[in-house]
Amino acid sequence: MALKSAISVSFFCLVLSALANGFNAGKIAIYWGQNGNEGTLSEACATGNYDYVIIAFLPTFGNGQTPMINLAGHCDPYSKGCTGLSSDIESCQAKGIKVLLSLGGGAGSYSIASTQDASQVAIYLWNNFLGGKSSSRPLGPAILDGIDFDIEGGSNQHWGDLAKFLKGYGKQVYITAAPQCPFPDAWIGNALTTGLFDFVWVQFYNNPPCQYTSGAISNLEDAWKQWISGIPANKIFLGLPASPQAAGSGFIPSADLISNVLPAIKGSSKYGGVMLWSRYYDVQSGYSSSIRSHV
């Protein structure tokens, strides 16, 4: 009788654990677009490994500049050569994958000069990438699911204004951001306090004071706690390099991620999953495949 009861209790615990994992199952976000050798967007989505695919980048915009995308070796936007991506975008969306456009990046010419400038950029993004209309949509007629802010230079002003104008088009527009892990972020720290951002994938790499080093989780864990308590975003993601070559530092071997890091952060209701830079490096390493069932 005692044995039967112990089995029942242990089965009940297993069910509870499975339910908890199901409810707090993490997602994987990946950046695509900065290496012509990473395969097509539809191939990335066909792996089944990603829930969000972020097209990188729109590195030129704002302050009166003509906006211009840069998708490395994938296509030439100057000859309208990227409009064919629409079918790829739509094939990803048909699988339930959200596709976003990332503004900024580590190299580019971008800044928002004023609230009026933020309004103009928002109108441009709506008409050319989201639900609006334009005769010159760089990625063709497909309607993206949202806009990502990967702001790593320029100015720290008016990003909150841009987010507000974009959200003004409706809740269906996802607004996300990729700040560096030192809290608050130097560039978009102010914008992130607005409560307008759905997901924030924090870059826990190239920043030794707040990233994981072999066997030492405290720096990352302390920063994680600051992020989940410090900004009113729906979900916070752990941003990581997909291979040791993808960043100067901060790569976490999958075994370490699964056994040490994820158990320390998954308990938070704000835990959203893992963001990876980038599809090219993930193709080389198979990182997303090795962590998918544990995220």
Side-chain angles (χ1 to χ4, degrees), residues 28-61 65-95 97-110 124-125 128-130 136-153 176 178 201 203 205-206 239-251 274-292:
I28 295 181
I30 192 94
Y31 280 83
W32 176 93
Q34 282 301 294
N35 193 303
N37 297 316
E38 65 196 336
T40 67
L41 185 61
S42 61
E43 285 167 351
C45 293
T47 63
N49 287 353
Y50 315 121
D51 303 282
Y52 304 98
V53 176
I54 309 146
I55 297 175
F57 289 108
L58 181 78
T60 305
F61 64 90
Q65 301 176 93
T66 301
M68 185 56 69
I69 56 169
N70 176 326
L71 299 181
H74 287 289
C75 54
D76 176 18
Y78 290 92
S79 61
K80 299 193 174 177
C82 301
T83 56
L85 274 173
S86 265
S87 56
D88 283 39
I89 292 164
E90 288 166 351
S91 79
C92 293
Q93 292 169 328
K95 295 176 172 69
I97 297 164
K98 303 297 183 193
V99 184
L100 299 94
L101 173 69
S102 187
L103 310 180
S109 167
Y110 54 86
Y124 171 81
L125 293 171
N128 286 278
F129 296 101
L130 300 169
S136 59
R137 290 174 69 95
L139 303 179
I143 296 170
L144 296 180
D145 295 292
I147 300 292
D148 175 60
F149 291 46
D150 182 13
I151 308 305
E152 302 183 34
T176 67
W201 9 81
Q203 298 182 44
Y205 52 93
N206 294 334
L240 298 174
S243 77
Q245 293 73 38
S249 62
F251 174 73
V274 173
M275 173 274 278
L276 297 176
W277 176 267
S278 63
R279 170 63 181 159
Y280 172 75
Y281 295 103
D282 195 35
V283 171
Q284 310 297 311
S285 66
Y287 195 78
S288 65
S289 296
S290 66
I291 67 169
R292 178 73 182 162

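No side-chain heavy atom of Asn49 sits under 4.5 Å from any side-chain heavy atom of Ile30. Between Arg279 and Tyr50, the closest side-chain pair of non-hydrogen atoms falls below 4.5 Å. Inter-residue side-chain proximity for Ile69 and Cys82 is flagged as met; some heavy-atom pair is nearer than 4.5 Å. Counting heavy atoms from C-beta on, the side chains of Ile55 and Trp32 come closer than 4.5 Å.
The CG atom of Leu240 lies 10.0 Å from the CD1 atom of Ile28; values are rounded to the nearest 0.5 Å. Once rounded to the nearest 0.5 Å, the distance linking CG of Leu100 with CZ of Phe149 reads 11.0 Å. How far CH2 of Trp201 is from CD1 of Ile54: 4.5 Å, rounded to the nearest 0.5 Å. A distance of 7.0 Å separates CG in Leu144 from CD in Gln93, rounded to the nearest 0.5 Å. Note that the CG atom of Asp282 and the CG atom of Leu276 stand 5.5 Å from one another [nearest 0.5 Å]. Here the CG atom belonging to Asn37 is positioned 8.5 Å from the NE2 atom belonging to His74, to the nearest 0.5 angstrom.
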side-chain contact (heavy atoms from CB on, under 4.5 Å) between Tyr78 and Met68, intermediate numbers included | CA-CA 8 Å; Tyr78 290 92; Met68 185 56 69; 3.6 Å; yes
Any chance you could lay out the side-chain hydrogen bond (donor to acceptor under 3.5 Å, both in side chains) test for Glu38 and Ser278, step after step, and finish with the verdict?
-> CA-CA 9 Å; Glu38 65 196 336; Ser278 63; 4.6 Å; no
Glu90/Ile143 under side-chain contact (heavy atoms from CB on, under 4.5 Å): CA gap, chis, key distance, verdict = CA-CA 8 Å; Glu90 288 166 351; Ile143 296 170; over 6 Å; no
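Classification of the Tyr31-Phe57 ring pair by plane angle, with boundaries at 30° and 60°, yields tilted. Ring geometry for Phe61 versus Tyr110: interplanar angle under 30°, hence parallel rather than tilted (30 to 60°).
Across Leu41, Asp88, Asp145, Ile89, a single residue satisfies side-chain contact (heavy atoms from CB on, under 4.5 Å) together with Val53, and that is Leu41.
Listed here is the closest heavy atom pair of Tyr281 and Ser243: CD2-OG, 3.4 Å. Nearest heavy atoms, Ala72 versus Asn35: CB-N, 3.9 Å. Between Asp148 and Ser102, the shortest heavy-atom distance links the atoms OD2-OG, 2.8 Å. Leu71 and Ala56 make their closest contact through CD2-O, 3.2 Å (heavy atoms, listed as atom of the first residue, atom of the second, distance). Nearest heavy atom pair, residue Pro138 against residue Phe129, reads CG-CZ, 3.6 Å. Here the closest non-hydrogen pair linking Cys92 and Ser42 is SG-CA, 4.4 Å.
Within the 3.5 Å criterion, the main-chain N or O of Leu139 finds a donor-acceptor partner in the side chain of Ser86. A distance-only check finds no donor-acceptor pair linking the side chain of Gln203 to the backbone of Pro241 [under 3.5 Å]. Judged by distance alone, the side chain of Asp150 and the main-chain N or O of Gly104 form no donor-acceptor pair under 3.5 Å.
A 6.0 Å sphere centred on NZ of Lys80 holds no more than 12 heavy atoms belonging to other residues, nucleotides or ligands.
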